[in-house]
Amino acid sequence: MTTGDRSPYWSEIVSRLDPYVPGEQPRDQQYIKLNTNESPYPPAPGVARALAGFDSDALRRYPDPESRALVDALAAGYGLEREQVFVGNGSDEVLAHAFHAFFQQQYPLLFPDISYSFYPVYCGLYRIEHETIPLDERFEIDFADYRRPNGGIILPNPNAPTGIAVDRASIRELLADTPESVVIIDEAYVDFGAESAVPLIAEFANLLVVQTFSKSRNLAGLRLGCAFGQAPLIEGLNRIKNSFNSYPVNQLTSAIGIAALEDDAYFHDCCDRIMASRKRVGDALEQLGFQVLPSQANFVFARHLEREAGDIYRALRENGILVRYFDKPRIDGFLRISIGSEDECDTLLAAMAQLLN
Ligand SMILES: Cc1ncc(COP(=O)(O)O)c(C=O)c1O
């Protein structure tokens with residue numbers, strides 16, 4: 001529970017923190033939840049089998065601190081060596097360790113002015129200087145803006161909350177231009193139609209790719225994330241992890257993660273369905289007078305050309321539908337709408353049509 005109460009016992013850093021506020025997880029009513037980019041589909045069928053077959057006696061023991069079985073499954077799936085894979089308790093934790101490991105440098109960390117709102121929070125926690133680089137008027141990244149002295153670069157690809165992706169060739173150029181600092185590509189949403197930077201790992205010692213099981217693997221409640229990079233970068237993450245919590249991935253999480261990775265067909269089918277629904281929702285919103293940014297993620301970012309986003313957000317909420325509204329400069333006209341099941345998309349579009357008429 002967060003109470004907002006202050007204490008005289010807080011250290012200076014705790015007093016100065018500006019913590020991340022996650023999207024609402026309501027307890028009071030059954031909402032159609034399109035506000036935190038969760039998957040509308042259940043985890044792969046093998047996950048339920050792994051849970052049912054799990055030997056609870058094994059929980060007497062600590063898990064493998066190196067999560068070998070899970071790391072090996074990821075390495076095999078992504079064509080990497082075991083030493084090039086790191087796993088953690090959600091990609092938020094993996095990102096936090098990466099900020100800690102790589103970004104306390106002489107020059108500021110760079111990231112877009114509109115991107116994942118956890119990045120500035122980690123900067124506050126780890127006292128990392130940072131500079132935000134404005135996206136252009138189409139909400140796109142101008143890579144020329146990143147050619148300046150920096151202590152690291154982090155980009156979500158696709159970007160959040162815009163959903164706009166960049167291609168691998170642009171990332172390769174960025175990496176070639178930035179050999180002296182670490183570049184993190186946060187691929188939380190990459191499986192919904194964008195190009196992964198993983199094939200660039202062999203070429204660039206300064207590339208770290210971060211992914212999650214929360215979105216395209218339908219496992220947000222599990223808290224499992226991973227990072228891919230050349231062995232020395234991964235070793236840096238392991239040094240931080242082993243100075244913080246030696247066992248971040250518990251035995252159940254590991255077994256479930258492996259089961260999810262085994263079912264490639266189910267994974268692709270869920271992603272395909274979400275991409276098809278995204279097209280349908282985007283087209284319908286345009287018909288209703290929205291500008292919809294081109295999304296390669298499991299959400300759309302849309303602005304109604306006449307109506308206030310905050311008003312639409314509140315009206316949808318009263319109708320039992322949660323979407324995300326950011327009351328922030330440049331994006332306060334937009335709503336971020338996660339792609340739900342077919343039925344949820346129908347309900348959303350019907351509610352939108354009704355309240356906009
Ligand atoms: C861009 C981005 N990165 C990372 C995350 C964190 O995902 P998780 O901690 O669930 O793996 C999110 C979550 O919404 C995100 O939007």
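As the structure lists them, so they are numbered: ligands from 1, and atoms in each ligand from 1.
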Pair up each side-chain donor or acceptor in residues 42-58 with any protein partner under 3.5 Å, not counting sequence neighbours, and list the distances.
{"residue": "D55", "atom": "OD1", "partner": "D57", "partner atom": "N", "Å": "3.1"}
{"residue": "D57", "atom": "OD1", "partner": "R60", "partner atom": "NE", "Å": "3.0"}

For residues 292-299, which side-chain N or O atoms pair as donor and acceptor with protein atoms under 3.5 Å away, sequence neighbours left out?
{"residue": "S295", "atom": "OG", "partner": "A297", "partner atom": "N", "Å": "3.0"}
{"residue": "S295", "atom": "OG", "partner": "F299", "partner atom": "O", "Å": "2.6"}
{"residue": "N298", "atom": "ND2", "partner": "N37", "partner atom": "O", "Å": "3.0"}

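Pairing each heavy atom of F139 with each of R330, the nearest pair is CZ-O, 3.8 Å.
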For the pair Y313 and N35, evaluate side chain to side chain donor-acceptor pair (under 3.5 Å) and give the outcome as yes or no after the intermediate values.
CA-CA 10 Å; Y313 160 78; N35 66 332; over 6 Å; no

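Every residue two or more places apart in sequence or in another chain that forms a side chain to side chain donor-acceptor pair (under 3.5 Å) with N150 is listed here: S181.
Residues F301 and F118 are members of separate hydrophobic clusters, defined by side-chain heavy-atom contacts under 4.5 angstrom among Ile, Leu, Val, Met, Phe, Trp and Tyr.
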Less than 3.5 Å apart, N/O on ligand 1 and N/O on the protein: could you list those pairs with the distances?
{"residue": "ligand 1", "atom": "3 (N)", "partner": "D186", "partner atom": "OD1", "Å": "3.2"}
{"residue": "ligand 1", "atom": "3 (N)", "partner": "D186", "partner atom": "OD2", "Å": "2.7"}
{"residue": "ligand 1", "atom": "7 (O)", "partner": "S91", "partner atom": "OG", "Å": "3.1"}
{"residue": "ligand 1", "atom": "9 (O)", "partner": "S91", "partner atom": "N", "Å": "3.3"}
{"residue": "ligand 1", "atom": "9 (O)", "partner": "D92", "partner atom": "N", "Å": "3.0"}
{"residue": "ligand 1", "atom": "9 (O)", "partner": "D92", "partner atom": "OD2", "Å": "3.3"}
{"residue": "ligand 1", "atom": "9 (O)", "partner": "R223", "partner atom": "NH2", "Å": "2.7"}
{"residue": "ligand 1", "atom": "10 (O)", "partner": "S214", "partner atom": "OG", "Å": "2.6"}
{"residue": "ligand 1", "atom": "10 (O)", "partner": "R223", "partner atom": "NH1", "Å": "2.8"}
{"residue": "ligand 1", "atom": "11 (O)", "partner": "S91", "partner atom": "N", "Å": "2.7"}
{"residue": "ligand 1", "atom": "11 (O)", "partner": "S91", "partner atom": "OG", "Å": "2.7"}
{"residue": "ligand 1", "atom": "11 (O)", "partner": "T212", "partner atom": "OG1", "Å": "2.6"}
{"residue": "ligand 1", "atom": "11 (O)", "partner": "S214", "partner atom": "OG", "Å": "3.4"}
{"residue": "ligand 1", "atom": "14 (O)", "partner": "Y189", "partner atom": "OH", "Å": "3.2"}
{"residue": "ligand 1", "atom": "14 (O)", "partner": "K215", "partner atom": "NZ", "Å": "2.9"}
{"residue": "ligand 1", "atom": "16 (O)", "partner": "Y189", "partner atom": "OH", "Å": "2.7"}

